[in-house]
Structure formats: structure tokens, C-alpha cells
Amino acid sequence: MTEYWPRTEDDSWDGDGERTHESWGALSYGGESLAPWSGSFSPRLLIRGHTSFDELQAQKLSHFDREVKVHVEAVSGDAGMIPIDLERALGFGVEVFLLSEGCAVESSRIVSLWRHSLRTGYLAALIALNQGSNQRMVWQSFVGGVLHDIGMLVFLTQQPEVFTTVVEIAQCRGGNLAVLERQVLGYTHGESGVTFLARWGIEDMLLTIVAFHDDPSKVPHSTFGPLTAVYAANFVEGGGIAQDGDGVIGKDGEEYLTRLGLWDDLPIWQSWMPNIQQMAIH
């Protein structure tokens with residue numbers, strides 16, 4: 001198996017500036033490639049004749065696109081316009097959700113995951129704004145939140161029955177989803193998602209968010225950043241396929257937020273959820 005790890009000269013990188021994929025180290029275990037389903041998922045994007053990242057943006061999208069527009073406009077009012085590269089990454093993510101609707105997957109699961117992902121992205125952007133983050137970090141938080149569970153789409157479209165069973169076991173028995181994914185599928189949804197996105201040239205910060213949104217402590221850092229914003233938004237939102245703790249933070253999460261000096265901000269973030277849930281998602 002391969003795990004991605006972002007290498008930086010210091011652990012306080014704030015998301016600004018250019019980074020290349022050469023800054024990602026690859027740790028190999030047993031010679032296995034990471035998440036084979038990620039590789040087999042991409043032809044679904046090409047089946048409609050798409051041959052490049054830019055061409056995906058020309059595709060007329062459905063209700064997903066309209067729902068994103070509502071939230072993007074809301075964030076833009078405080079953060080300014082979304083950077084073009086992050087807008088393209090966001091459009092790519094929306095297209096993946098759209099194409100997943102055409103797969104042999106129960107539509108309610110896609111809708112549930114979509115709503116969770118969009119709300120997580122919006123809440124992450126609000127958290128980043130609350131922490132005084134710059135424009136790019138706010139938008140990285142938003143896009144990273146929308147993309148964070150995209151590995152679940154990979155599992156749902158490639159191994160729907162198996163992944164659904166894994167999720168049900170995690171919910172019924174209170175087990176750790178990542179542990180169960182690794183035991184049954186061989187990979188976590190974070191690993192599956194980051195491998196899939198890396199093939200399409202998604203930037204490093206977004207890959208970091210997707211890979212470690214459930215366990216940010218694995219990435220050395222000592223200050224708030226987009227990864228922290230998505231991590232916090234993910235459990236505060238509490239929805240999605242795996243329920244993400246229904247808004248309840250565990251001991252490890254409490255220790256993590258306390259170490260970053262953010263524990264006292266948690267009630268503020270939680271207080272925003274009623275308004276977020278009322279935003280127009282049809």
C-alpha cells in the first residue's frame with residue numbers, strides 16, 4: 001500500500017504559494033498500489049467523451065451545480081471570488097457526484113453524501129473565516145470539504161454491497177470506519193479518494209484534506225489551516241453515509257483542538273448548524 005505524506009520545510013505552511021506533486025512522498029508497503037478501485041473509476045468520466053480536466057467544466061451539470069452555486073455565492077460575500085484553480089477542482093468534484101448518480105447505487109446514498117459534503121465545505125469555510133484565514137485558505141477549506149469523502153463514491157460505485165455492509169457494521173457496532181475499511185476493502189476511503197484525485201492533478205492541500213480529514217494529527221502542524229477547518233466541520237455537520245459521529249467529538253478530537261487552542265471555539269461552530277441546514281438544498 002502507498003500512503004501520501006506532504007513534505008514541507010516547516011509545519012506552519014498556510015496554503016499559499018505553489019507546490020508541486022514532487023513534494024508528496026510515497027511510502028510503499030508490500031509493493032501494492034493504493035486503492036485499485038480509484039484507477040478503474042476514471043473511465044466513467046471518459047465514457048461521455050471527456051478527455052481533459054478542462055472539458056469536464058464544459059459539461060452542463062444538474063441540481064448539484066445549482067446547489068453549489070448558492071453556497072459559493074454565500075462564501076464569496078465574505079471571502080471574495082474563488083480562485084480559478086480551486087473553482088476547477090470544485091467543478092470536477094461536482095461532476096464526479098453527477099456521474100455517480102448514473103451508477104448502480106441507491107440514489108439516497110449519493111444524495112446523503114452530497115448534502116453532507118456540501119454542508120461540510122460551507123461550514124469549513126465559515127470556520128476558516130472565523131479564524132481570520134486568508135482568501136485562498138477559506139476556499140481551500142470549502143473545496144476540501146466538498147471533496148473530502150469522494151473516496152466513498154469510489155467505493156460505492158465499485159464495491160457498493162461490500163462498502164454498504166462495512167458502513168452498516170460501523171454504525172451498528174460503533175466501530176471505527178477507517179479500521180473496518182482497511183480490514184475488509186484493504187484501503188480507507190481517504191486513501192482511495194486521494195489517489196483518485198491525484199490522477200487528475202488536484203493540488204496538494206486538497207489531497208492532504210481528503211487523505212487526513214478523519215485524523216489530522218497524522219500531518220505535522222501546529223497552527224490552524226484548511227485541514228483543521230474540514231476536520232472540525234466534518235464532525236460538527238455529523239451527516240453523510242457514515243454519520244461521522246453525529247456531531248459528537250471524541251477524546252482524540254478534543255485533544256487535537258485543545259492543542260491548537262481551538263476548543264473554546266467549538267460551541268460557536270456548532271451554533272451555526274441550524275442556519276446551514278436551512279440553506280436551499282433540494
Side-chain angles (χ1 to χ4, degrees), residues 6 8 11-17 19 68 71-72 74-83 85-87 89-90 93 115-150 190 193-194 197 202-240 244-245 247-250 252-273 275-277 279:
T8 59
D11 64 5
S12 61
W13 180 63
D14 64 3
D16 282 332
R19 297 180 69 202
V68 164
H71 291 75
V72 167
V75 175
S76 297
D78 293 313
M81 297 297 292
I82 182 173
D85 62 316
L86 295 178
E87 183 179 29
L90 177 61
R115 290 180 174 177
H116 166 64
S117 299
L118 186 54
R119 288 171 176 171
T120 296
Y122 183 63
L123 179 56
L126 294 184
I127 291 172
L129 285 166
N130 177 255
Q131 294 299 310
S133 300
N134 61 40
Q135 178 184 17
R136 185 166 186 83
M137 290 176 66
V138 172
W139 283 111
Q140 286 172 325
S141 300
F142 178 81
V143 178
V146 173
L147 297 178
H148 78 283
D149 274 342
I150 206 165
V194 75
L197 292 174
I202 300 299
E203 69 157 55
D204 287 353
M205 176 54 76
L206 298 181
L207 296 181
T208 299
I209 291 170
V210 172
F212 302 108
H213 65 270
D214 285 325
D215 195 358
S217 296
K218 288 185 177 179
V219 181
H221 62 286
S222 59
T223 58
F224 176 88
L227 174 61
T228 305
V230 174
Y231 168 73
N234 187 36
F235 71 73
V236 170
E237 200 284 330
D244 290 315
V248 179
I249 188 170
D252 290 343
E254 179 179 349
E255 292 177 351
Y256 171 73
L257 293 180
T258 299
R259 176 169 62 83
L260 296 184
L262 299 170
W263 179 247
D264 291 339
D265 294 309
L266 180 59
I268 299 174
W269 306 337
Q270 292 171 325
S271 71
W272 297 336
M273 276 308 302
N275 289 334
I276 292 175
Q277 291 169 343
M279 292 187 73

*Asks:* Might you point out which heavy atoms bring Glu237 and Leu123 nearest each other, and give the distance in Å?
*Replies:* N-CD2, 4.2 Å
*Asks:* Rounded to the nearest 0.5 Å, how far does NE2 of His116 lie from CG of Asn234?
*Replies:* 4.0 Å
*Asks:* Do you know which two heavy atoms are closest between Val194 and Val210, and how far apart they sit?
*Replies:* N-CG1, 3.6 Å
*Asks:* Do Trp269 side-chain atoms and Ala229 backbone N/O form a donor-acceptor pair below 3.5 Å?
*Replies:* no
*Asks:* With the side chain counted from C-beta on, respond yes when Val72 and Glu87 share a heavy-atom pair under 4.5 Å apart, and no when they do not.
*Replies:* no
*Asks:* In chain order, what residues pass the side chain to side chain donor-acceptor pair (under 3.5 Å) check against Asp215, with sequence neighbours excluded?
*Replies:* none
*Asks:* As an exercise, state the distance from CZ of Arg136 to CG of Asp85, rounded to the nearest 0.5 Å.
*Replies:* 4.0 Å
*Asks:* Might you point out which heavy atoms bring Gly80 and Trp139 nearest each other, and give the distance in Å?
*Replies:* O-NE1, 3.0 Å
*Asks:* Of Phe235, Trp263, Tyr231, which is the lone residue that meets ring pair (Phe, Tyr, Trp, His ring centres under 6.0 Å) with Tyr256?
*Replies:* Tyr231
*Asks:* Say you draw a straight line from CG of Leu206 to CG of Leu90; how long is it, rounded to the nearest 0.5 Å?
*Replies:* 10.0 Å
*Asks:* Measuring from Phe142:CZ to Leu86:CG, what's the distance to the nearest 0.5 Å?
*Replies:* 11.0 Å
*Asks:* Does the pair Val68 and Val146 meet the rule for a side chain to side chain contact (heavy atoms under 4.5 Å, CB included), with working shown?
*Replies:* CA-CA 9 Å; Val68 164; Val146 173; 5.6 Å; no
*Asks:* To the nearest 0.5 Å, how far apart are CZ in Phe212 and OG1 in Thr228?
*Replies:* 13.0 Å
*Asks:* Please report the shortest heavy-atom distance between Gly93 and Ile150, naming the atom on each side.
*Replies:* CA-CD1, 4.5 Å
*Asks:* When rounded to the nearest 0.5 angstrom, what is the spacing between CD1 in Ile209 and OG1 in Thr120?
*Replies:* 11.5 Å
*Asks:* With respect to Leu262, which candidate in Asp265, Leu266, Asp264 satisfies the side chain to side chain contact (heavy atoms under 4.5 Å, CB included) definition?
*Replies:* Asp265
*Asks:* Please identify each residue that fulfils ring-ring contact (aromatic ring centres under 6.0 Å, His included) with Tyr122, with sequence neighbours left out.
*Replies:* His71
*Asks:* Which atoms form the tightest heavy-atom contact between Ala125 and Val75, and what is the distance?
*Replies:* CB-CG2, 3.9 Å
*Asks:* Going through the distances and angles, do Gln140 and Glu203 end up as a side chain to side chain contact (heavy atoms under 4.5 Å, CB included)?
*Replies:* CA-CA 10 Å; Gln140 286 172 325; Glu203 69 157 55; 2.8 Å; yes
*Asks:* Please answer whether the main-chain N or O of Val236 pairs with a side-chain N or O of Gln270 as donor and acceptor at a distance below 3.5 Å.
*Replies:* no
*Asks:* Can you list the residues that meet the side chain to side chain donor-acceptor pair (under 3.5 Å) rule with Ser133, with sequence neighbours excluded?
*Replies:* none
*Asks:* Nearest heavy-atom pair of Ser222 and Arg259: which atoms, and what distance?
*Replies:* CA-NH1, 4.3 Å
